[in-house]
Asks: 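Mind looking over this structure? Questions follow.
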Amino acid sequence: MARTLALVDCNNFYVSCERVFRPDLEGVPVGVLSNNDGCFVARSAELKALGVRMGQPLFEVRDLVRHHHVRVFSSNYALYGDMSARVTDCLRGFTPALEIYSIDESFLDLTGIGGDLSGYGAEIRQTVKRWTGIPVCVGIGPTKVLAKLSNHAAKKALLDDRGVCDLRDADAREHVLRAVPVEEVWGIGRRSAEKLSLLGVRTAADLRNLDPRLARQALTVVGERIVYELQGVACLSLDLVPPSRKTIAVTRSFGQPVTDWEPMREAVAAYATRAAEKLRAERLAAEALQVFMHTSPFRPGPTYSNAVTVELRPATDDTFALIAAAAAAARRIWRDGYAFSKAGVILPGLVPLERVQPDLLAAADRQRGTRLMKALDAINSTMGKDTLVPAATMGRAWRMRQEQRSPSYTTRLADVPVVQA
DNA sequence: TCTGGGGTCCTAGGACCC
DNA sequence: TCTGGGGTCCTAGGACCC
């Protein structure tokens, strides 16, 4: 039996999250910034209309922001993560067969649901809006790539402006495929679009009509799969259970350039601390740790970039083991005389905690460490994030800028909105 | 002055082994 | 002059996504 998938995608998700608690932001230009208040990562329709691009640096449009009274927010991931979970809970009411694809998108398996799916899609939209305050669009199709394309059509109102699109219908599909430029197809980026252009492929319809062998030649097996998916032949399956992740990364640009070893050591220790928290939250252990640091690619002056990977033996989830390894690794690649703009800690080899080979000699030590980590996590979970932090991470010189952050309305008791009645 | 962060998958090429 | 063939594993780099 043919599959029927729906892609539910939140509109301007971070902006919509801010608006849920600030109705006065409706109808006015709103933007959310990346870490360090650097670039726009979410824009309301009004801000898009002003010509601000995705990823555009704030400093490039300062005048426009002031002139049009753009409401600008630092990113508030505690809020967005919590709102995301609420949307997902809501969607689970429509089908248990659901893949969470990203913080603002899920694929739903609607195979076997009879009747008018456009009506069903409209019901999904209304329910999510009523229960969470977040507006979404629904794209329906027989494969993931077509469901994505369908959602794109719903957002851009290519067929109508109801926020729901069903591409199972052949005429509707043909119309949309011809109207959409090939670089808007999921999986086709700038590089691939350039290569396809040489083959005369300009629209999604052109790509669907391309010989799959040619697609493989130009874009590897990834491109071949996209061609088949556009034809309605499923190559990408639905991941109902999230696969165990393969890497953990904590990387940040600094609020100001770092020229001394001490703040660099603090920053790397803080990133290692956060990476260890992520490890324990997912019951994983790291077999290796990589540290990198580099100077700014945008600023004049001497440049330097380096990275080093060290083995962790035995694999560990212990904050202090990770701090020690990260600091030692960073010391090896540190050079005086440079203005560093960014550093990071990456854990490239992850194993489930229960599969870690126990090191018999250090068993007692490990148990003590585990109890300490449990206590640390428990205190930070109940008393608030960063209530207890390792002394090695306490400095301030390197911390990122976040000058426009909204309150954590849903995840921090002191920030919960008060209703006057 | 000011330019994000965190992921995945695929391929080519080198090291190593029999 | 002339030096096999086939496998696995690992890593770096490219491309893409949100």
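Chain A is the first sequence line, chain B the second, and so forth, proteins listed ahead of strands; every chain is numbered from 1. Since this is a predicted model, take the numbers as computed values, not measurements.
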Asks: Just checking Trp334(A) against Phe340(A), ring centres under 6.0 Å apart?
Replies: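 Trp334(A) vs Phe340(A): aromatic centres under 6.0 Å.
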Asks: With nearest nucleotides of DNA chain B determined for Arg216(A) and Cys39(A) from heavy-atom distances, which residue corresponds to the more 5′ nucleotide?
Replies: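 The residue mapped nearer the 5' terminus is Cys39(A).
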Asks: Can you check the Arg190(A) CZ to dA15(C) C1' distance for me, whole Å?
Replies: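 Going from CZ in Arg190(A) over to C1' in dA15(C) covers 10 Å.
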Asks: Select base, sugar-phosphate, or nothing to describe what Tyr101(A) touches, counting heavy atoms under 4.0 Å on all strands.
Replies: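 Since only primed, P, OP1 and OP2 atoms lie under 4.0 Å of Tyr101(A), the category is sugar-phosphate.
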Asks: Between atom CD1 in Ile103(A) and atom P in dC17(C), what is the gap in whole Å?
Replies: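 From Ile103(A) CD1 to dC17(C) P: 19 Å.
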Asks: For Ala392(A) and Ala269(A), work out which heavy atoms get closest and say how close.
Replies: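 Closest approach of Ala392(A) to Ala269(A), heavy atoms only: O-CB, 3.8 Å.
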Asks: Please compare Lys342(A) and Arg401(A) by the position of their nearest nucleotide in DNA chain B and report the one closer to 5'.
Replies: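 Per heavy-atom nearest nucleotide, the more 5' residue is Arg401(A).
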Asks: From CZ of Arg274(A) over to P of dG4(B), roughly how many Å is that when rounded to an integer?
Replies: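 That distance rounds to 20 Å.
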Asks: Between dG4(B) atom P and Asn35(A) atom CG, what is the distance in whole Å?
Replies: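 It is 10 Å, rounded to the nearest whole Å.
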Asks: Test side-chain hydrogen bond (donor to acceptor under 3.5 Å, both in side chains) on Ser44(A) and Asn12(A); report intermediate values, then the result.
Replies: CA-CA 6 Å; Ser44(A) 71; Asn12(A) 317 326; over 6 Å; no
Asks: Heavy atoms only, 4.0 Å cut-off, all strands: where does Asp104(A) land among base, sugar-phosphate and nothing?
Replies: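 Result for Asp104(A) = sugar-phosphate.
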Asks: Can you measure Lys148(A) atom NZ to dC16(C) atom P for me and round it to whole angstrom units?
Replies: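 The answer, rounded to whole Å, is 15 Å.
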Asks: Taking the side chain as every heavy atom from C-beta outward, state whether Tyr409(A) and Arg22(A) have any atom pair closer than 4.5 Å.
Replies: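 Heavy-atom side-chain distance check passes, below 4.5 Å.
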Asks: State, yes or no, whether a side-chain contact exists between Glu287(A) and Leu312(A) at a heavy-atom distance under 4.5 Å.
Replies: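 With C-beta onward as the side chain, the pair stays apart.
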Asks: Check each residue of residues 240-256 of chain A for a non-hydrogen atom within less than 4.0 Å of any atom in DNA chain C, then write out the ones that pass by number, or none.
Replies: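 By residue number: none to list.
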Asks: At 4.0 Å (heavy atoms only), tell me whether Arg225(A) reaches a base, stays on the sugar-phosphate, or touches nothing.
Replies: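 If one applies the 4.0 Å heavy-atom cut-off, Arg225(A) turns out to touch the sugar-phosphate alone, with no base involved.
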Asks: If we take the C1' atom in both dG4(C) and dC16(B), what is their distance in whole Å?
Replies: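 Roughly 16 Å separates the two C1' atoms.
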Asks: Have a look at Val185(A) and say if it touches a base, only the backbone sugar-phosphate, or nothing, with a 4.0 Å heavy-atom cut-off.
Replies: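 Sugar-phosphate contact only - Val185(A) comes under 4.0 Å of backbone atoms but never of a base.
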Asks: Quick one: does Leu322(A)'s side chain get under 4.5 Å of Thr316(A)'s, heavy atoms only?
Replies: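 Leu322(A) reaches Thr316(A) side chain to side chain.
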Asks: Counting only side-chain heavy atoms from C-beta out, which of dC18(C), dG4(B), dA15(C) sits nearest to Lys195(A)?
Replies: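 Output: dA15(C).
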Asks: Toss me the dot-bracket line for DNA chain B: Watson-Crick and G-U wobble, both under 3.5 Å, 5' to 3', using | for pairs to another strand and [ ] for crossers.
Replies: ....||||||||||||||
Asks: How many whole angstroms separate atom OH of Tyr14(A) from atom P of dG6(B)?
Replies: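 From Tyr14(A) OH to dG6(B) P: 11 Å.
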Asks: Expressed as a whole number of angstroms, how long is the span from Asn36(A):CG to dT3(B):P?
Replies: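 Taking atom P of dT3(B) as the reference, CG of Asn36(A) is at 7 Å.
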Asks: Using whole Å, report how far CG of Leu236(A) lies from C1' of dC16(C).
Replies: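 It works out to 13 Å between those atoms.
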Asks: Any heavy-atom pair between the side chains of His152(A) and Val185(A) that's under 4.5 Å?
Replies: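 No. Closest side-chain heavy atoms not under 4.5 Å.
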Asks: Would you mind classifying the nucleic acid contact of Ile188(A) as base, sugar-phosphate or nothing, using non-hydrogen atoms under 4.0 angstrom?
Replies: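 Result for Ile188(A) = sugar-phosphate.
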Asks: Have a look at Glu105(A) and say if it touches a base, only the backbone sugar-phosphate, or nothing, with a 4.0 Å heavy-atom cut-off.
Replies: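 Touches sugar-phosphate only.
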Asks: OP1 or OP2 of dG5(B) sitting under 4.0 Å from any side-chain N/O of Lys278(A)?
Replies: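 No, Lys278(A) has no side-chain N/O under 4.0 Å of OP1/OP2 on dG5(B).
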Asks: Is Lys155(A) paired with Glu105(A) through a side-chain N to carboxylate O contact shorter than 4.0 Å?
Replies: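 Answer for the salt bridge query: no.
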Asks: From C-beta outward on Ser192(A), which listed nucleotide comes closest to its side chain: dC10(B), dG4(B), dC16(C)?
Replies: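 Shortest atom-to-atom distance from the side chain points to dC16(C).
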Asks: Using only side-chain N and O atoms of Lys144(A), determine if any of them is under 4.0 Å from OP1 or OP2 of dC17(C).
Replies: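 The answer is no; no side-chain N or O of Lys144(A) sits under 4.0 Å from OP1 or OP2.
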Asks: Could you tell me whether Arg178(A) and Glu174(A) make a salt bridge, using a distance below 4.0 angstrom between a side-chain N and a carboxylate O?
Replies: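 Here Arg178(A) pairs with Glu174(A) in a salt bridge, since their nearest N and O are under 4.0 Å apart.
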Asks: Can Arg86(A) be said to sit on top of Trp131(A)'s aromatic six-ring, NZ or CZ under 6.0 Å from centre and within 45° of the ring axis?
Replies: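 No; the conditions do not both hold, so Arg86(A) does not lie above the ring face of Trp131(A).
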Asks: Going by an N to O cut-off under 4.0 Å, is there a salt bridge joining Glu99(A) and Lys144(A)?
Replies: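 Yes, Glu99(A) and Lys144(A) are salt-bridged.
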Asks: Please determine, for the side chain of Arg191(A), which listed nucleotide (dA15(C), dT11(B), dC18(C)) has the closest atom?
Replies: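 When the side chain of Arg191(A) is considered, dA15(C) is the closest of dA15(C), dT11(B), dC18(C).
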